[in-house]
Participant: 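Okay, here's the structure, questions in a sec.
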Amino acid sequence: MAARIEHLVTSGTFSLDGGTWDVDNNVWIVGDDSEAVVIDAAHDADAITEALGGRTLLAIVCTHAHNDHIDAAPALAARTGAPILLHQDDLPLWKQTHPDRLPDGGLADGQQLAVAGVELTVLHTPGHAPGAVCLHAPELGTVFTGDTLFQGGPGATGRSFSHFPTIVESIRSRLLALPAETVVRTGHGDSTTVGAEAPHLQEWIDRGH
């Protein structure tokens, strides 16, 4: 069975620095009829479990540890036995949401996660959060960017643990170096492509100053 990408949108809240906002999150499932990984277990473990439909869940991969991307991860792990994977630089953020439940494993730049015959390569892309990662699946022609790159520009850097020059450098060096036709599947909102976003790099830099 060939690997495929499935997409759920779940709704909940994002909280940081004393504020709370209503958000819709993209949950991505990569797999085939027998096994899968979940990228960002957001808000609704029931909906994600239903979408998995009894497949073996190999891992719950966190692109970063803002609460709206990880709030359903422990419940999903408890139901499926899958390990939660997070870059260690985001442990301080993780502990704000789940002080009594650590992730099961780390994510490191260049690490490869195998599922359904394809490889997801971890790209450490700090800026939106210190441990933010993207997952590049060249065989599927896509990169899962979490909140690092959206249609229209970089993720937000106005709150704790974030840094605008860092996210721009991450995008420039790690994401815009990918093939132009690579589909960018984001943590919120619509997908885009590397080629559609690359021409706007200087605009983002100018806007950030």
Side-chain angles (χ1 to χ4, degrees), residues 1-16 19-87 90 93-105 107 113-118 120 122 128-129 131-137 140 142-151 155-156 183-192:
M1 289 297 299
R4 61 182 184 270
I5 300 167
E6 295 161 66
H7 176 218
L8 292 180
V9 178
T10 58
S11 300
T13 58
F14 165 56
S15 300
L16 188 65
T20 297
W21 300 266
D22 291 328
V23 287
D24 295 328
N25 284 63
N26 293 328
V27 178
W28 300 100
I29 301 172
V30 182
D32 57 17
D33 286 347
S34 61
E35 63 182 28
V37 298
V38 164
I39 300 170
D40 288 345
H43 308 309
D44 192 338
D46 288 340
I48 300 169
T49 302
E50 186 175 335
L52 287 167
R55 287 177 283 178
T56 300
L57 185 59
L58 301 181
I60 300 163
V61 183
C62 307
T63 61
H64 62 296
H66 285 154
N67 73 292
D68 57 319
H69 291 256
I70 62 167
D71 49 3
L76 185 62
R79 292 180 192 193
T80 61
I84 300 169
L85 306 180
L86 175 74
H87 193 286
D90 259 20
L93 274 166
W94 173 276
K95 290 174 182 175
Q96 291 184 11
T97 302
H98 300 302
D100 302 319
R101 166 65 160 96
L102 289 175
D104 301 295
L107 293 169
L113 306 172
V115 59
V118 300
L120 304 176
V122 176
H128 181 70
V133 300
C134 299
L135 297 152
H136 180 217
L140 299 176
T142 198
V143 61
F144 301 91
T145 58
D147 289 0
T148 294
L149 178 62
F150 291 106
Q151 184 183 61
V183 177
V184 175
R185 299 179 196 269
T186 60
H188 309 270
D190 294 334
S191 296
T192 180

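None of these values were measured; they are calculated from a predicted model. Side-chain atoms are counted along with the backbone in the values below, which use heavy atoms only and exclude waters and symmetry mates. Residue numbers start at 1 and run along the sequence shown.
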Participant: Step by step, work out the side-chain contact (heavy atoms from CB on, under 4.5 Å) result for Thr145 and Thr63.
Facilitator: CA-CA 7 Å; Thr145 58; Thr63 61; over 6 Å; no
Participant: Which label fits His98 and Trp94: parallel for a plane angle under 30°, tilted from 30 to 60°, or perpendicular past 60°?
Facilitator: tilted
Participant: Side-chain contact, heavy-atom cut-off 4.5 Å: Arg101 with Ile84?
Facilitator: yes
Participant: Check side-chain contact (heavy atoms from CB on, under 4.5 Å) between Leu8 and all other residues, then give those that pass, not counting sequence neighbours.
Facilitator: Val27, Ile48, Ala51
Participant: Could you work out, with side-chain contact (heavy atoms from CB on, under 4.5 Å) as the rule, every residue matching Thr192, not counting sequence neighbours?
Facilitator: Gln151, Val184, Ala196, Glu197
Participant: Determine, step by step, whether Thr80 and Val38 satisfy the side-chain contact (heavy atoms from CB on, under 4.5 Å) criterion, reporting the C-alpha distance in whole Å, the side-chain angles of both residues, the deciding distance to 0.1 Å, and the verdict.
Facilitator: CA-CA 11 Å; Thr80 61; Val38 164; over 6 Å; no
Participant: With sequence neighbours excluded, what pairs up with Ser15 under the side-chain hydrogen bond (donor to acceptor under 3.5 Å, both in side chains) test?
Facilitator: Thr20
Participant: With sequence neighbours excluded, give me every salt bridge (charged side-chain N to carboxylate O under 4.0 Å, His left out) pair touching residues 19-31.
Facilitator: none
Participant: May I have all residue pairs that pass salt bridge (charged side-chain N to carboxylate O under 4.0 Å, His left out) and include part of residues 38-53, sequence neighbours excluded?
Facilitator: Asp46-Arg79
Participant: Does anything in residues 23-54 pair up under ring pair (Phe, Tyr, Trp, His ring centres under 6.0 Å), and if so which pairs, sequence neighbours excluded?
Facilitator: His7-Trp28, Trp28-Phe144
Participant: Tell me, do Ile70 and Asp90 make a side-chain contact under 4.5 Å, heavy atoms counted?
Facilitator: no
Participant: Taking side chain as C-beta onward, heavy atoms only, is Val37 less than 4.5 Å from Leu113?
Facilitator: no
Participant: What residues form a side-chain hydrogen bond (donor to acceptor under 3.5 Å, both in side chains) with Thr56, not counting sequence neighbours?
Facilitator: none
Participant: By side-chain hydrogen bond (donor to acceptor under 3.5 Å, both in side chains), which residues pair with Asp190, not counting sequence neighbours?
Facilitator: none
Participant: Under the side-chain hydrogen bond (donor to acceptor under 3.5 Å, both in side chains) rule, collect the residues that match up with His188, sequence neighbours excluded.
Facilitator: Asp68, His69, Asp147
Participant: Yes or no on side-chain contact (heavy atoms from CB on, under 4.5 Å) for His66 and Leu16, after CA distance, side-chain angles and deciding distance?
Facilitator: CA-CA 8 Å; His66 285 154; Leu16 188 65; 3.9 Å; yes
Participant: For a 4.5 angstrom cut-off between non-hydrogen side-chain atoms, does Leu52 reach Leu76?
Facilitator: yes
